[in-house]
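Read through the structure below, which is laid out as structure tokens, and then see the notes.
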Amino acid sequence: MDAFLACPDHSPAAGRSLTPARGAPASSPALISAVQDLYEFICSGPLVERIGYTRERIAESIDRWLWCGSQVSRLFRIDELRLTDAEKSRIYHFYIPVFLWCEDQVADHRSKYNDGDEIPPLVIGVSAPQGSGKTTLVFALDYLFRVSGRNSATLSIDDFYLTAAEQGKLRETHAGNALLEFRGNAGSHDLQFSIDTLESLIKLTKEGTKMKLPRYDKSAFGGRGDRADPSTWPEVEGPTEVVLFEGWMLGFKPLPNEVVTAVDPQLEVINKNLEAYYDAWDRFIESWIVIKIKEPNCVFQWRLQAEVAMRADGKAGMSDEEVMDFVSRYLPAYHAYLPTLYKEGPNGAKKDHLLVIDIDEERTPISGS
């Protein structure tokens, strides 16, 4: 990354302007006119201290921040010279700090091996409620890794849902349990398929080795979903350096039965199913990003906003009642498991390898509580 040039005097180069994104449409104000202005804005971010950056370290790496900002702006087709306040915050207070933390995690992981060793990829888990922006975050991180020269891969827990036929059998077995009527909760995933995929992926350490990553088609069978045809799965080639694995329930731990049944009696079977998930998912994850929300009901509001936007755009979207029904099948698990996840972190997560990001109702990072 030759573009990452340090400023030896610990201060940004005065008056150095950002490079405009070619072909990006102009957007409304909040003009970033100089590096000094941007430097001060970066230093005010809520994640700076959590990712281990001081004002001095930011100054030394300011070219790296500028380069990342330029890349993310191009990715989302926005003009980096005319970022709105929301865009500016999203890029420099969220995506870039998280990426730089991930880069430090990858560097630490690789430092544990000797020259000539086959180094398995670092698996970074991203646990975040639905609608909180985790998929877009992973999209941005994956892009930044790739343009930085790191070979990365992405997976979602959605990719391991049972096939439509298997989901039908699950529904019949647990007739009357609304939490297992559709895909989503613990029990609706093919855990052996997860293990086989992740084990193969972390062995992708040599040039020329390849594998296809599974994908799930949520639109199949009238929205009930099914595993996508393998011919459509994306292919990844080794050596892979980092795997971004995201999901709404990553890191959830089984709890005493009386705790979950007090939230919803239907969670009893979900809680039992959850016992097998550490071995299938969490044990592969060395570094964790946990996006923390104030209130699980935010998920309903976020989903409703998305559906309203779809309908306004002339696309098919769920009604308000359908959104409520959909989200209601996830809310019991959120209410039961999020407090422990936020208090204790995922199973096996180490403090130096865990980044907790508090966000507000607008999905913007805020200072931790």
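Keep in mind the model is a prediction, meaning the values are calculated, not measured. As a basis for the values below, the full set of heavy atoms in this structure was taken, side chains included, without hydrogen atoms, waters or symmetry mates.
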Inset, instruction - Name all residues meeting the ring-ring contact (aromatic ring centres under 6.0 Å, His included) criterion together with Y330; count only those two or more places apart in sequence or in a different chain, and write none if there are none. - result: W248, F326

Inset, instruction - Determine, for R150 against E103, whether the closest basic-nitrogen to carboxylate-oxygen distance falls under 4.0 angstrom. - result: yes

Legend entry - Nearest-0.5 Å distance that lies between atom CG in D158 and atom OH in Y216: 9.0 Å

Inset, instruction - Please say whether more than 12 non-hydrogen atoms of neighbouring residues, nucleotides or ligands are located less than 6.0 Å from CD in E49. - result: no

Inset, instruction - Quick one: pull up NE2 in H189 and CE in M249 and give me the separation to the nearest 0.5 Å. - result: 5.5 Å

Inset, instruction - Decide if atom CD of E166 counts as having more than 12 heavy atoms of other residues, nucleotides or ligands within a radius under 6.0 Å. - result: yes

Inset, instruction - Group every Ile, Leu, Val, Met, Phe, Trp and Tyr by side-chain heavy-atom contacts under 4.5 Å, then state whether V327 and V263 land in the same group. - result: yes

Inset, instruction - Scan side-chain atoms only and decide if S152 and D142 contain a donor-acceptor pair under the 3.5 Å cut-off. - result: yes

Legend entry - Face-on cation placement of R224 at F221 ring, 6.0 Å and 45° thresholds: no

Legend entry - Connected via hydrophobic side-chain network under 4.5 Å: Y278 and L255: no

Inset, instruction - Give a yes or no answer on whether the side chain of S89 reaches the backbone of A86 with a donor-acceptor pair at less than 3.5 Å. - result: no

Legend entry - Hphob cluster co-occupancy, V269 + L267, side-chain heavy atoms under 4.5 angstrom: yes

Inset, instruction - Would you kindly say whether E40 and Q36 are connected by a side-chain donor-acceptor distance under 3.5 Å? - result: yes

Mind listing the side-chain donor-acceptor pairs of residues 120-141 below 3.5 Å, one per line with the distance, residues two or more places apart or on another chain?
from, atom 1, to, atom 2, distance (Å)
S127, OG, L250, O, 2.7
Q130, OE1, Y334, OH, 2.6
S132, OG, P129, O, 2.6

Legend entry - Within 6.0 angstrom of E344 CD, more than 12 heavy atoms from elsewhere: yes

Inset, instruction - Is it possible for you to check whether R227 lies under 6.0 Å from the centre of the six-membered ring of F193, through NZ or CZ, and within 45° of that ring's axis? - result: yes

Inset, instruction - Show your reasoning for whether salt bridge (Lys or Arg N to Asp or Glu O under 4.0 Å) applies to K292 and D360. - result: CA-CA 9 Å; K292 181 179 178 182; D360 62 16; over 6 Å; no

Inset, instruction - Verify the cluster assignment for F41 and I58: are they in a single hydrophobic cluster under the rule of side-chain heavy atoms below 4.5 Å apart? - result: yes

Inset, instruction - Test the K253-Y337 pair against the cation-pi criterion, namely NZ or CZ under 6.0 angstrom from the six-membered ring centroid and within 45° of the ring axis. - result: no

Inset, instruction - Tell me, yes or no, whether the heavy-atom count around K272 atom NZ, taken from other residues, nucleotides or ligands under 6.0 Å, exceeds 12. - result: no

Inset, instruction - Mind running salt bridge (Lys or Arg N to Asp or Glu O under 4.0 Å) on R110 and D117 for me, showing each step along the way? - result: CA-CA 10 Å; R110 298 183 70 81; D117 287 349; over 6 Å; no

Legend entry - Exam field: side chain E87 to backbone T84, donor-acceptor pair closer than 3.5 Å: yes

